[in-house]
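Here is the structure we will look at, set down as structure tokens.
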Amino acid sequence: MSSDLVGDLLPERVSLPGQRRLRFAPSPTGDLHIGNVRTALFSYCLAGEAGRFLIRIEDTDQDRYQAESVPRYLETIAWLGMHWDEGPDRGGPCQPYVESERLPFFQAAADRLVGSGAAYFCFCSKERLDQLRAAQRTAGLPTRYDGHCRDLPGDESRARRSGGEPSVVRLRVPAGETRWDDLVLGPQLFDNESVDDQVLLKSDGFPTYHLAQVVDDHLMGITEVVRGVEWLSSTPKHLITYAALGWQPPRFAHVALVLGPDHSKLSKRHGAQTVNEFRDLGYLPEALVNFLAFLGWSPGTEEEIFDLAQLRQRMTFERLQSSPAILDQQRLDYLNGVWIRKLPVEQLAQRIEPFLPQAAPEQLIPIAAMVQERIRRLDQVPGLLAFAFTEPAPDADFLKGKLSREEALAFLQRVPELLAGNTSQLMEKLRELAHEQGGSDPATAKKFTQGAMRVLRVATTGAEVTPPLPESIDLIGTAAAQARVQRALEVLGAVS
RNA sequence: GCCCGCAUCGUCUAGCGGUUAGGACACCACUCUUUCAAGGUGGUAACCGGGGUUCGACUCCCCGUGCGGGUACCA
């Protein structure tokens, strides 16, 4: 078989210092999906502390390509705390890390395959292919290429190409079977009869994923490939291609997909599905990482709170799960709450800032302290603190609670003295007052305290649920609190 | 249609021939408490079905069912 190439332009495979090299190779077509991020996380963690993690941009589809995605992806990975040793922005020994900039390598590989007879040029039109598949389907046969151009004489093929006829390069799948030992699924066996003569090089000169992935994983010295099970049935094609090129393939780990609550593939109708969406909802990267890791992995112990560094230390291929996982947002919420509570207040204050632009800088830390134990997502902060930024308008019924109108009124009238001075004494003063009201019976006093607290809370905040009252009042200031109590008094007094 | 994968509480999972089938989320009580949280205590809840193999199956094998994936000049 001839090829019109001048030698083999393929570079040498990067020489390895014997360590693990895993990559994340996203296709830049929008925002990073939570499922993709999980495989990135697995790859990052499984590389281990001694291994290397790299990012490669798989932009081999010109139609779907979105340039803006690349920096966004990198930003997202970095936000989650993952560090890559090599990538499009920082280079490395296998530059470039963007596939569209590596076209000559793929073309050289394709030429080599054609040269050795492991691949061939195909001139079939899309229409012919569509008809073929439709016919096979109605006949109950598997849909696959029929080998129409498989044995075209070399000179005919050459002539048609030089005549300008568009062509693709297809893999010539040999008879036999393909097997490998999957790191997650165990031994796999495919009859090559069921493997299609896949297109490797498109008519626009770009490689398909199948070729690009094989060539680049080899050149970049990838040792293990972690990917979703949706790639399982194309693995034989990849293995055949590695063999035809005389290369040793990496090991494969096919992880199960992440599904929505209705057990179908995660999609828009399930709500948030990209990392950025989760971020905007107020989820911490620490929580997302912890959560995602457990969707398909577990340490085998009863520990469940892990940070990224611990995950990288502990994760192994053996403990990856082969069954699909459903994204359970309630559990994510729980973990997010755990991580929010673990944060130092100053840190939490910083993270709250974008969710609470109306807060003054000096308010942020006290606010963080107040909400830390009662939020599961950062976006709950504004709701919890609405009273601090808008004037409450409680109605008379709302103001009474457990106390009668008279009792509430009487209590409210005494609030100015309770609020005088420092709010830290508020509770103490209130207890004194309760003692006065309840006399010797502690149960009555307690009941009064509860009722009075509610009245005061509603009067000053307009809400039944707020952070602890003294702090809440501090947030708006005692002067404002006094004014609100006055207004409440008017509202309550007006009804008789 | 054809090829392939998966299968333990509602959910995430532990289990790798012999266990009272464990933990966590959620849920329900109780408790702590100025509300709400957080915390503590307890509770409800699972081995998809049928055949084998075995002294013994959640665990191994086969069939079925269910769910998922692939079936592109998309990844």
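Letters A, B, ... are given to chains in the order of the sequence lines, protein chains preceding strands, and every chain is numbered from 1.
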[atom1] of [X] versus [atom2] of [N]: gap in Å, rounded?
{"X": "A/Ile340", "N": "B/A37", "atom1": "CD1", "atom2": "C1'", "answer": "12 Å"}
{"X": "A/Ile57", "N": "B/C74", "atom1": "CD1", "atom2": "P", "answer": "19 Å"}
{"X": "A/Arg227", "N": "B/G69", "atom1": "CZ", "atom2": "C1'", "answer": "13 Å"}
{"X": "A/His263", "N": "B/G69", "atom1": "NE2", "atom2": "C1'", "answer": "16 Å"}
{"X": "A/Gln62", "N": "B/A72", "atom1": "CD", "atom2": "P", "answer": "21 Å"}
{"X": "A/Asp61", "N": "B/C73", "atom1": "CG", "atom2": "C1'", "answer": "9 Å"}
{"X": "A/Leu171", "N": "B/U71", "atom1": "CG", "atom2": "C1'", "answer": "16 Å"}

Between [options], which nucleotide has the shortest distance from any of its atoms to the side chain of [X]?
{"X": "A/Asp328", "options": "B/U34, B/C6, B/G10", "value": "B/G10"}
{"X": "A/Thr466", "options": "B/A75, B/C67, B/U35", "value": "B/U35"}
{"X": "A/Pro470", "options": "B/G68, B/U34, B/A75", "value": "B/U34"}
{"X": "A/Glu304", "options": "B/A24, B/A37, B/U34", "value": "B/A24"}
{"X": "A/Lys202", "options": "B/C2, B/A37, B/A75", "value": "B/A75"}

Task: Any donor-acceptor N or O pair under 3.5 Å, side chains A/Thr274, A/Asn276 - done: no
Open item on the list: Assess, by modelled atom type and distance only, whether the side chains of A/Tyr209 and A/Gln198 contain a donor and an acceptor separated by less than 3.5 Å.
Closed with: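 No, A/Gln198 and A/Tyr209 have no side-chain donor paired with an acceptor closer than 3.5 Å.
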Is it true that [X] and [Y] make a salt bridge, defined as a side-chain N closer than 4.0 Å to a carboxylate O?
{"X": "A/Lys342", "Y": "A/Glu286", "result": "no"}
{"X": "A/Glu230", "Y": "A/Lys265", "result": "no"}
{"X": "A/Asp379", "Y": "A/Arg377", "result": "yes"}

Have a look at [X] and say if it touches a base, only the backbone sugar-phosphate, or nothing, with a 4.0 Å heavy-atom cut-off.
{"X": "A/Val168", "answer": "base"}
{"X": "A/Ala256", "answer": "nothing"}
{"X": "A/Gly296", "answer": "sugar-phosphate"}
{"X": "A/Gln213", "answer": "nothing"}
{"X": "A/Arg64", "answer": "base"}
{"X": "A/Ile326", "answer": "sugar-phosphate"}
{"X": "A/Thr143", "answer": "base"}
{"X": "A/Ser203", "answer": "base"}
{"X": "A/Lys446", "answer": "nothing"}
{"X": "A/Arg376", "answer": "sugar-phosphate"}
{"X": "A/Glu464", "answer": "base"}
{"X": "A/Thr29", "answer": "nothing"}
{"X": "A/Pro166", "answer": "nothing"}

Tell me the partner of [N], counting only Watson-Crick (N1-N3 plus N6-O4 or O6-N4) or G-U wobble (N1-O2 and O6-N3) with both under 3.5 Å; none if nothing fits.
{"N": "B/G68", "answer": "B/C4"}
{"N": "B/U35", "answer": "none"}
{"N": "B/C74", "answer": "none"}
{"N": "B/A57", "answer": "none"}
{"N": "B/A29", "answer": "B/U41"}

If the [atom1] atom of [N] is compared with that of [M], how far apart are they to the nearest Å?
{"N": "B/A21", "M": "B/U59", "atom1": "P", "value": "15 Å"}
{"N": "B/C6", "M": "B/C62", "atom1": "P", "value": "11 Å"}
{"N": "B/A45", "M": "B/G22", "atom1": "C1'", "value": "14 Å"}
{"N": "B/C47", "M": "B/G5", "atom1": "P", "value": "26 Å"}
{"N": "B/G64", "M": "B/C3", "atom1": "P", "value": "12 Å"}
{"N": "B/U11", "M": "B/C27", "atom1": "C1'", "value": "12 Å"}
{"N": "B/A24", "M": "B/G66", "atom1": "C1'", "value": "27 Å"}
{"N": "B/C25", "M": "B/G39", "atom1": "P", "value": "8 Å"}

Task: Pairwise 5' ranking along RNA chain B for A/Gln321 and A/Ser234, keeping only the more 5' one - done: A/Gln321
Closer than 4.0 Å, any side-chain N/O of [X] to the OP1 or OP2 of [N]?
{"X": "A/Thr60", "N": "B/A75", "value": "yes"}
{"X": "A/Arg319", "N": "B/C16", "value": "no"}
{"X": "A/Arg144", "N": "B/A72", "value": "no"}
{"X": "A/Tyr334", "N": "B/C25", "value": "yes"}

- [ ] Establish, for the pair A/Arg314 and A/Phe306, whether the NZ or CZ atom is under 6.0 angstrom from the six-membered ring centre and no further than 45 degrees off its axis.
- [x]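 Pair A/Arg314/A/Phe306 does not count as cation-pi.
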TODO: For the pair A/Asp217 (side chain) and A/Arg23 (backbone), establish whether a donor and an acceptor sit closer than 3.5 Å, ignoring hydrogens and angles.
DONE: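 Here the side-chain-to-backbone pair does not exist.
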Task: Single hit among A/Arg227, A/Glu99, A/Arg56 for side-chain hydrogen bond (donor to acceptor under 3.5 Å, both in side chains) with A/Gln213 - done: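 Only one of A/Arg227, A/Glu99, A/Arg56 forms a side-chain hydrogen bond (donor to acceptor under 3.5 Å, both in side chains) with A/Gln213, namely A/Arg227.
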